Amino acid sequence: MAKSFGPAAIAMTAMLAPLIAAQPARAAAAPPEIVDFLVQDVCLNDNGNIIVGMIPTDARCKNRRDLTSADRMPYHLTKVVPQNAVDCGARRTIRDNILWQYQGNARVVGAVQIQKDACRTEGFIPAYFSVRWYDDQFAFIMGWWSRGKDGGTVGGGISSQCPKGPHSSVRYFRNWLLTSRTVPANGAIGNAVNQKKSSNIGLSPISGPCPDDYPSKVLALWTRGDFTYSSGKRLNTILSHPYSQVDPSGLTPGKARQMERTYWTREFGQVRWEAWKRDDYTRSRDGKSASEMAESFADVGTCSKPFELKGAVTKGLTLGPVEQINGIYSQVATDVRTGEKHRWIMATCQDMTATIAPQDPKGDPMPAVQGITPRYWDFWR
């Protein structure tokens with residue numbers, strides 16, 4: 001199976017052609033391999049044109065490349081629903097993972113859109129865009145845009161990378177670590193401590209100063225391996241497993257009570273999300289425990305057993321096997337130094353490995369960005 005560059009990359013090369021011609025011949029630099037796990041692929045015919053309706057796991061898909069913002073959508077990812085579930089009249093969520101060009105810079109956009117009725121060919125409503133990229137060490141989420149009044153809202157923290165580019169998008173790099181820039185070997189486990197100044201609402205202006213300190217510290221873990229999704233697709237996957245805090249040693253989650261896991265594949269980019277809570281977690285808005293949250297979610301039955309990251313994941317942290325007890329998935333985390341144990345519970349999950357054809361036989365347009373707040377584009381600057 002061969003991969004090639006998309007039209008956005010070709011267009012940029014064409015713009016630089018006069019300059020390139022004056023220099024010694026040199027091959028264009030290909031993006032690092034990690035980008036392939038962030039962006040969904042499209043299938044190509046022998047002429048290099050996108051085959052609408054074909055997905056990269058189809059045995060007939062012999063050539064493929066990353067989906068770019070210069071393309072039309074040949075398919076969409078959507079949530080796996082229980083067998084024989086009726087979609088008509090119900091809202092449907094779709095996801096697309098796109099290599100998006102803006103003013104000469106590229107980022108990866110995880111675009112979530114809503115279809116009000118799954119049985120009607122109404123236009124999709126943009127709901128949430130997550131912006132991802134990489135640097136010399138890590139791949140990460142920079143921040144997000146959410147639908148709302150006056151162009152919506154943007155959010156994200158400022159990381160300790162800010163001094164390297166205080167008035168550029170570098171200030172938003174490493175807001176949420178995903179994995180190493182180098183694609184991990186199958187079975188390998190990596191970890192890192194990330195420092196940032198968090199912001200649950202809003203985004204620090206790109207013209208503003210860097211913070212005096214970065215008080216939020218988190219422990220990020222990652223690994224890679226084959227995984228079978230709820231749709232039945234078995235895909236080689238990078239699992240990102242970051243806790244919300246880290247202890248002073250940098251080796252355990254310390255007092256963290258929350259953790260969100262994401263799954264990334266060469267074929268589709270991000271395809272699954274899970275929220276895990278520690279056994280002593282209580283949700284502030286309704287007082288529900290982690291087990292109560294999981295019980296209410298388990299009734300939906302849309303997620304398969306989670307990826308099992310276990311064993312000595314750092315020198316200070318051991319994870320037990322993933323267990324299913326009364327329909328709820330969980331695993332025990334042990335602090336090697338103190339012996340303290342806590343059970344972590346998968347409270348909710350979204351598997352987006354089902355696919356649907358575009359509404360337009362020629363492919364759907366890219367998610368609409370007209371009217372979006374200009375602050376969103378600071379992630380490209």
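Keep in mind it's a predicted model, so treat the numbers as computed, not measured.
- With T373 contributing its side chain and T153 its backbone, the two residues share no donor-acceptor pair below 3.5 Å.
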Are Y229 and T265 close enough, and set up right, to give a side chain to side chain donor-acceptor pair (under 3.5 Å), and what steps lead you there? CA-CA 11 Å; Y229 291 88; T265 70; 5.8 Å; no
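- For the pair D364/Q113, no side-chain contact is recorded, criterion being any heavy-atom separation below 4.5 Å from C-beta on.
- Look at D41 and R266 and you find no salt bridge, because none of the NZ, NE, NH1 or NH2 atoms lies under 4.0 Å from a carboxylate O.
- Taken from CZ in R272 to CG in L239, the straight-line distance is 9.5 Å, to the nearest 0.5 Å.
- In this structure, the side chains of R224 and T179 stay at 4.5 Å or more apart for every pair of heavy atoms.
- Hydrophobic clustering (side-chain heavy atoms under 4.5 Å, transitive across Ile, Leu, Val, Met, Phe, Trp, Tyr) groups Y134 together with Y102.
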Do M366 and M73 pass the side-chain contact (heavy atoms from CB on, under 4.5 Å) test, and can you show the C-alpha distance, the side-chain angles, and the key distance before you say yes or no? CA-CA 7 Å; M366 284 288 129; M73 303 281 195; 3.7 Å; yes
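- More than 12 non-hydrogen atoms from other residues, nucleotides or ligands lie less than 6.0 angstrom from CG of N49.
- Residue I50 is grouped with residue V39 when hydrophobic side chains (ILVMFWY) are merged at heavy-atom distances under 4.5 angstrom, including chains of intermediate members.
- Both V322 and M259 are part of a single hydrophobic cluster, where members link through side-chain heavy atoms under 4.5 Å apart.
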Before you tell me yes or no, could you show the steps for Q270 and L178 under side-chain contact (heavy atoms from CB on, under 4.5 Å), namely the whole-Å CA-CA distance, both residues' side-chain angles and the distance that decides it to 0.1 Å? CA-CA 11 Å; Q270 185 193 349; L178 297 173; over 6 Å; no
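- With hydrogens and angles ignored, the 3.5 Å screen pairs a side-chain donor or acceptor of S230 with a backbone N or O of S304.
- Taking a 6.0 Å sphere around CG of D212, one finds it holds 12 or fewer heavy atoms contributed by other residues, nucleotides or ligands.
- In this structure, F307 and Y263 have perpendicular ring planes: the angle between them is above 60°, well past the 30° mark.
- Classified by interplanar angle (parallel below 30°, tilted 30° to 60°, perpendicular above 60°), the ring pair W380/W377 is tilted.
- The pair D360-K362 does not count as a salt bridge, with every side-chain nitrogen at least 4.0 angstrom from each carboxylate oxygen.
- For the atom pair S69 OG and L99 CG, the distance stands at 7.0 Å (nearest 0.5 Å).
- Contact detail for A294 and M346: the closest heavy-atom pair is CB-O, 3.5 Å.
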side-chain contact (heavy atoms from CB on, under 4.5 Å) between R257 and S244: does it pass, once the steps are laid out? CA-CA 7 Å; R257 289 183 171 86; S244 58; 5.8 Å; no
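- In terms of modelled atom types and a separation under 3.5 Å, the side chain of T334 and the main chain of V336 share no donor-acceptor contact.
- Within a 6.0 Å radius of CG in D286, other residues, nucleotides and ligands contribute more than 12 heavy atoms.
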Test M352 against T93 for side-chain contact (heavy atoms from CB on, under 4.5 Å), laying out the working first. CA-CA 9 Å; M352 300 283 281; T93 301; 4.0 Å; yes
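- Taking the six-membered ring for Trp and thresholds of 30 and 60 degrees, F129 and W145 have ring planes inclined between 30 and 60 degrees apart.
- Between K116 and I125 the shortest heavy-atom distance is CE-CD1, 3.4 Å.
- Remark: D135 CG to Q161 CD distance equals 6.0 Å, nearest 0.5 Å.
- Side-chain contact, S249 with R337: no donor N or O sits under 3.5 Å from an acceptor N or O.
- Side-chain heavy atoms closer than 4.5 Å link hydrophobic residues (I, L, V, M, F, W, Y) into clusters, and following such links, possibly through other members, connects L177 to I141.
- Q101 places none of its side-chain heavy atoms less than 4.5 Å from the side chain of T68.
- Within the 4.5 Å cutoff, the side chain of V80 has heavy atoms near those of the T353 side chain.
- Between W222 and P184 the shortest heavy-atom distance is CD1-CG, 4.2 Å.
- Side-chain atoms of L203 and Y172, non-hydrogen and from C-beta on, do get closer than 4.5 Å to each other.
- Residues Q350 and C303 share a closest heavy-atom pair of N-SG, 3.8 Å.
- Side chains of R95 and Q40: no donor on one and acceptor on the other come within 3.5 Å.
- Between atom OG of residue S204 and atom NZ of residue K197 there is a gap of 8.0 Å, rounded to the nearest 0.5 Å.
- Ion pairing of E323 with R343 is present here, as a side-chain N (NZ or NE/NH1/NH2) and a carboxylate O approach within less than 4.0 Å.
- If you chain together hydrophobic residues whose side chains sit under 4.5 Å apart, W144 and I114 never meet in one group.
- Counting only heavy atoms from C-beta outward, the side chains of T348 and W273 approach each other to under 4.5 Å.
- No donor-acceptor contact under 3.5 angstrom links the side chains of R381 and S169, judged on distance only.
- F37 and W264 have their aromatic ring centers separated by at least 6.0 angstrom.
- Tested against F173, the residues F379, F138, F140 include a single ring-ring contact (aromatic ring centres under 6.0 Å, His included) partner, F140.
- We find the CZ-CD1 distance between R181 and I34 to be 9.5 Å, quoted to the nearest 0.5 Å.
- For K164 and D136, the salt-bridge test fails: no basic side-chain N is under 4.0 Å from an acidic carboxylate O.
- Residues W276 and S330 approach most closely at CZ3-CA, 4.0 Å, considering heavy atoms.
- Here W344 and Y243 bring their ring centres to under 6.0 angstrom of each other.
- In this structure, CZ on R171 lies 4.0 Å from SG on C162, to the nearest 0.5 angstrom.
- Side-chain atoms of K288 never come within 3.5 Å of backbone atoms of R283 as a donor-acceptor pair (strictly under, hydrogens ignored).
- Residues C349 and E274 have side chains in contact (heavy-atom distance under 4.5 Å, counting atoms from C-beta outward).
- Panel note: side chain N194, backbone V218; no donor-acceptor pair is recorded below 3.5 Å.
- Of all heavy-atom pairs spanning V108 and L38, the tightest one is CG1-O, 3.4 Å.
- The pair D335-K255 does not meet the salt-bridge criterion, since no charged nitrogen lies less than 4.0 angstrom from a carboxylate oxygen.
- The side-chain heavy atoms of P56 and F268, taken from C-beta on, include a pair separated by under 4.5 Å.
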